[in-house]
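So the structure is just underneath, and the comments pick up after that.
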Amino acid sequence: MDDAPMVGLMGRVTGTVGPGLVGEVIVRVRGGAEHFLAYPAGGTGRIERGAVVMVVEYLPPRTVYVEALYDS
């Protein structure tokens, strides 16, 4: 896996992200779509399945911190 820039990419939640949960997001990167373990960027708040998120921090190889792009 190369060091493609992850911060700023958008993705979609496929497994609920929130405190005490290990969520999952799918992000288009490196010419395809990949799944990453996901945590809320602020450490609080819950982001439900289907929400559009932005990656604000990337911890290689498969972990991202995300925030919701739109209020629901």
Side-chain angles (χ1 to χ4, degrees):
M1 204 182 278
D2 60 24
D3 288 334
M6 292 288 298
V7 174
L9 294 181
M10 292 189 304
R12 185 164 303 273
V13 176
T14 55
T16 301
V17 175
L21 300 173
V22 178
E24 183 182 62
V25 297
I26 188 165
V27 179
R28 289 183 180 264
V29 64
R30 294 182 272 274
E34 299 181 22
H35 287 268
F36 293 85
L37 299 177
Y39 297 94
T44 61
R46 188 173 172 104
I47 308 170
E48 300 295 334
R49 287 183 62 195
V52 177
V53 295
M54 181 184 314
V55 175
V56 297
E57 187 176 349
Y58 171 56
L59 301 175
R62 310 276 335 146
T63 302
V64 293
Y65 285 81
V66 297
E67 60 185 25
L69 279 182
Y70 309 106
D71 291 332
S72 43

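Counting begins at 1 with the first residue of the sequence.
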Do F36 and V29 have side chains that approach each other closer than 4.5 Å (heavy atoms only, starting at C-beta)?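 The answer is yes, as the side chains (C-beta and beyond) meet within the 4.5 Å cut-off.
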Which atom names give the shortest non-hydrogen contact between [X] and [Y], and what distance separates them?
{"X": "V66", "Y": "V55", "answer": "CG1-CA, 4.2 Å"}
{"X": "V25", "Y": "A38", "answer": "CG1-CB, 3.7 Å"}
{"X": "P19", "Y": "G43", "answer": "CG-O, 3.7 Å"}
{"X": "V56", "Y": "A41", "answer": "CG2-CB, 3.2 Å"}

Between [X] and [Y], is there a shared hydrophobic cluster once you connect ILVMFWY residues whose side-chain heavy atoms come closer than 4.5 Å?
{"X": "I26", "Y": "M54", "result": "no"}
{"X": "V17", "Y": "Y58", "result": "yes"}
{"X": "L59", "Y": "V7", "result": "no"}
{"X": "V64", "Y": "Y39", "result": "no"}

Working to the nearest 0.5 Å, report the span between OG1 of T16 and CZ of R46.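 Spacing of OG1 (T16) from CZ (R46) equals 5.0 Å.
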M10 CE to R28 CZ distance, which is reported to the nearest 0.5 Å: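 One finds 10.0 Å between CE of M10 and CZ of R28.
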Looking at H35, E24, E34, which hits side-chain hydrogen bond (donor to acceptor under 3.5 Å, both in side chains) with R62?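 Of H35, E24, E34, side-chain hydrogen bond (donor to acceptor under 3.5 Å, both in side chains) with R62 is met by E34 alone.
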Does R12 reach the main-chain N or O of V52 with its side chain, forming a donor-acceptor pair under 3.5 Å?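 Checking the backbone N and O of V52 against the side chain of R12, no donor-acceptor pair under 3.5 Å is found.
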